[in-house]
Amino acid sequence: MQLIARNITHHYGGTAVLEDISFAIGAGEIVCVVGPSGCGKSTFLRIAGGLERPDSGEVMVAGAAPEGSLNPLTYIFQDFALLPWRSVAGNVSLVLEDHGIRGAEARAIVADVLARTNLSDFARALPRQLSGGMKQRVAIARALAVKPAIMLMDEPLSALDSQTRELLMDDLVALWQRERFSACYVTHNLNEAVRLGSRIIVLSRRPGRIREVVEIDMPIDQRAERLTELERLQRRVWEIMREEAREADREIADVP
Amino acid sequence: MSHEATTRPGETAAAAGSGEELRPVPFRGGGFKHRPLGPVAPIVFLAILALWELGARSGFISPIALPAPSEALAALGDLIATGMLWKHLGASLYRLIVGWTLGSLLGIAFGLLIGLFSLARAGLLPLVSALFPIPKIALLPLFIIWFGIGEGSKVATILFGTFFPTVIATYGGVDNVDRNLIRMGQSFGLSWLSIVRKIIVPGAMPAILSGFRISASIAIVLLVAAEMIGAEFGIGAYILMAGALFALDQLIAGVAILSVLGLIIAWLIGKAEKRLLAWRS
Amino acid sequence: MFTISRRLLGVLALSGAAALATPASAADKINIGILSLVSHSPSIIAQARGYFADQDLDVEFVSFQAAQPMAVAIASGDVDFGMTAISGGLISLADKGVVKIIGGALQETPEIDGQKILASKAAFDDGVKTPADLKGRSFGITTTGSSFHYMAHKIADKEGFDRSEIKVKPLQKVPAVIASLKSGQIDAWSIVPNIAGALTSGPEVVEIGRISDYIDNYQVTTVFTSTANVTDKPDLVKRFLAGVSNGIADYNAALVDKTMSEEETAEIVAMIHKYVYSDQPIEKADPRIRAGAMRINENAALSVASVEDQLEWFKSENLVPEGVTMEKLVDTSFVETR
């Protein structure tokens, strides 16, 4: 399944946030969106998944969702968005209940996704008992449970410390190898972008416009070994962004 | 502070090197911290009672100012011996439980409406704000006409008293539910009802329960007012009768029963909080 | 009420029984507690006409909403003299040795219209035509041990049914009793004639009897003061009673016997109006003040028999401590007794 954004423009009050954003995410592709803070990355992601309506432009999907997909466009949030009163298993089964999946069928799916995210031993734990990295794994397991076609990831690793981030990045790579999901991955961390992205879309400072699109040909599974090449790539992206980031830093934010 | 921190190490290093006297860094981090002191509360309580008893016996506290605690205890003993305690408690508990339960259920329902629907918020919130501060005692003559002098007006007084704080606690709780959790529910395609049932209500639960603490205390306060109207039995009626007869020992005994009732209810709500909010750290 | 109780606590707790003495200021300065009722007007008249000044008394009035706090204020020494019905609270304070009845005031007499027994229209239509029909009916009272409670039981006694068969409903305040009676929430009540008259003029309330048929020489209200005044300042008590007796004489002449000239009566009414129905213009208040004034005993004479009957009733209902005696409650040395 493909996700296509066409001429997305959006304002908050009188402030323009996004201007004429158009791009497509192909099947099995991870498209990273980077940009200085306040450039409208997260707003774009909310529009892409239908949580917010753009002032103009449209988001389309093409092609059929994979067999059995309950929720084709599925988010992973920066703050994990786990219900603190439900156990790990309960948080996963939450998203199945509304699709009428209960009992043994639900238990089987939950057990499967927890196994895939190495969480089987924590099924009964409450979110407050888990570290940040574990919480994000639960959120990923929850997303996997609905068999998404495209993952919409909003700074999924930004709330984690750098060691945990490395571990989870490895996990994501391994997961992608197996599942070959498509994703729109919004981040301000260029290292994540060059490690995970098939393509990096660099946005300008507010109002966010596509400044440049950087294609990365290197296979994702090889990148951990070719860090020096990645380092050069990351520096290139940073060169593109630097001025925008400096200007953005001097602005007074009044946009949520 | 940072200034001291940067200058002192230099000094001590120099001092150590030159064989000068070493001084320990003075500790300044104490205080502003509560330690649990278990037996203090009962000791203070017993000491006050002992002083009170002593004062009353010696005549330092006049019998028309305060009866001795032993006299109040004797009045309590009479209540138990005659079996009237259970009659009074039974009548009051019935009014408290029915009034508080109905008030809380209605309060939660209206609180959810105000929390969830803009129309309800625009229409009902000003009404709640306008009616909340009205002293329910002032409405007693009206309650007599509306609800009669039987159980109706007594239950209604407690119901009205507990309804408003519950409404405010509930809609405040709904407002404070993490918006990201609601957005998460929407992003997974949960139905409106599922979001309310599984995300908003449990999320508002801490606020609702702390509202219960307040509304339960208000219910006890209003018990005396509620039992002003034609009550033969009830702790509030007992206190009012003791006041009218200037029987201070009975008055203090009645007030003590109310406080014990308040303690028990607070303890029960504490238990409920522990059970329902176990997920909180 | 708050300030009274706070002062009571402060004064009494700190200095104990010594505080029971009247304030130590000028010996002839006294505070008189009054309720906004016509029956409290003798003091008002005595003050306005200078009878208290003649006795070398400097009087200040303290208004109360109910008899109970007034009794407590007299016990604490904040107020020196008051007039009120004999209530459980008053007897309880007398038992503690802090207040004493020193004279009589309002009394039921056969020749003057006294307190009325009222029924709600609903109860009347349902068969409550006379007080005998009150068996099994509800009867409004303010509080347990109030004069209303006593009257209800005296009706039961005389009609020969058990006291428990007249169901007394404590409603705390007179307005609440009126609301309950008008709306038929209670079946019956008894009250002084001027309030009864106002009620029976409407369609909701019917008169079914008179209290004087049930209680002989009912001493409705009494004059009382603190025990400290009785023992330490008997002279002050005598001077107060002398002053108020002149007020009583004028009150009876003007409003009960109507032997006073119209001009003088109007003057008396104007004096009373300063404290009673003062929220209404004089044209409206005038007839209400004149209507249904009950006799106040000349020279504050006291019906000891009636007081004793009331005390016995309180004891029989366990509303006051067992040990209260007439000696503790009444000092008969100041006025004529009947």
Side-chain angles (χ1 to χ4, degrees), chain B residues 51-52 55-68 71 74-75 78-79 82 84 137-154 157 224-234 236-251 254, chain C residues 5 8-20 66-69 71-72 75-76 87-99 138 140-146 149 167-173 175-186 226 314 317-321:
Chain B
L51 271 178
W52 176 5
R57 295 230 171 165
S58 66
F60 181 74
I61 301 174
S62 148
I64 75 159
L66 260 185
E71 287 175 38
D78 289 346
L79 268 182
T82 54
M84 289 303 285
I137 299 172
L139 297 180
L140 277 186
L142 282 179
F143 282 11
I144 292 176
I145 307 288
W146 295 348
F147 306 110
I149 58 169
E151 292 303 308
S153 55
K154 300 174 187 70
T157 308
V224 178
E227 293 181 350
M228 278 182 150
I229 323 161
E232 197 178 347
F233 299 110
Y238 177 75
I239 290 172
L240 287 167
M241 185 202 73
L245 297 176
F246 210 76
L248 297 181
D249 48 345
Q250 296 179 356
L251 188 93
Chain C
S5 38
L8 171 75
L9 264 179
V11 170
L12 294 176
L14 289 178
S15 45
L20 295 179
Q68 174 72 0
V72 177
S76 76
S87 64
L90 184 70
I91 298 175
S92 196
L93 286 167
D95 181 53
K96 292 185 166 75
V98 287
V99 299
S138 60
I141 65 172
T142 50
T143 58
T144 309
S146 61
H149 195 179
K167 296 191 185 65
V168 292
K169 295 279 177 195
L171 299 164
Q172 310 305 323
K173 286 180 177 165
V177 183
I178 293 176
S180 305
L181 186 70
K182 278 187 167 180
S183 60
Q185 306 276 356
I186 52 170
S226 64
F314 277 105
E317 289 291 307
N318 289 324
L319 294 172
V320 295

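Both backbone and side-chain heavy atoms feed into the values below; hydrogens, waters and symmetry mates do not. Every chain is numbered from 1 and lettered A, B, ... according to where its sequence line falls, protein lines coming before strand lines.
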(request) Mind ranking B/Gly150, B/Ala247, B/Gly230, B/Gly148 by heavy-atom pairs under 4.5 Å with chain C and telling me who comes out on top? (result) B/Gly230

(message) Using a 4.5 angstrom heavy-atom cutoff, name the option from C/Ser183, C/Gly88, C/Gly145, C/Pro170 with the most pairs to chain B.
(response) C/Pro170

(message) How long is the straight-line distance from CZ of B/Phe143 back to CD1 of B/Ile229, given to the nearest 0.5 Å?
(response) 8.0 Å

(message) As an exercise: rank C/Val320, C/Thr143, C/Leu93 by heavy-atom pairs under 4.5 Å with chain B and give me the winner.
(response) C/Leu93

(message) Return the OG to CG distance between C/Ser92 and B/Leu245, rounded to the nearest 0.5 Å.
(response) 7.0 Å

(request) State the CD-CG distance between C/Gln172 and B/Leu240, to the nearest 0.5 angstrom. (result) 4.5 Å

(message) Can you give me the closest heavy-atom contact between B/Phe233 and B/Met84, atom names plus distance?
(response) CE2-CE, 3.2 Å

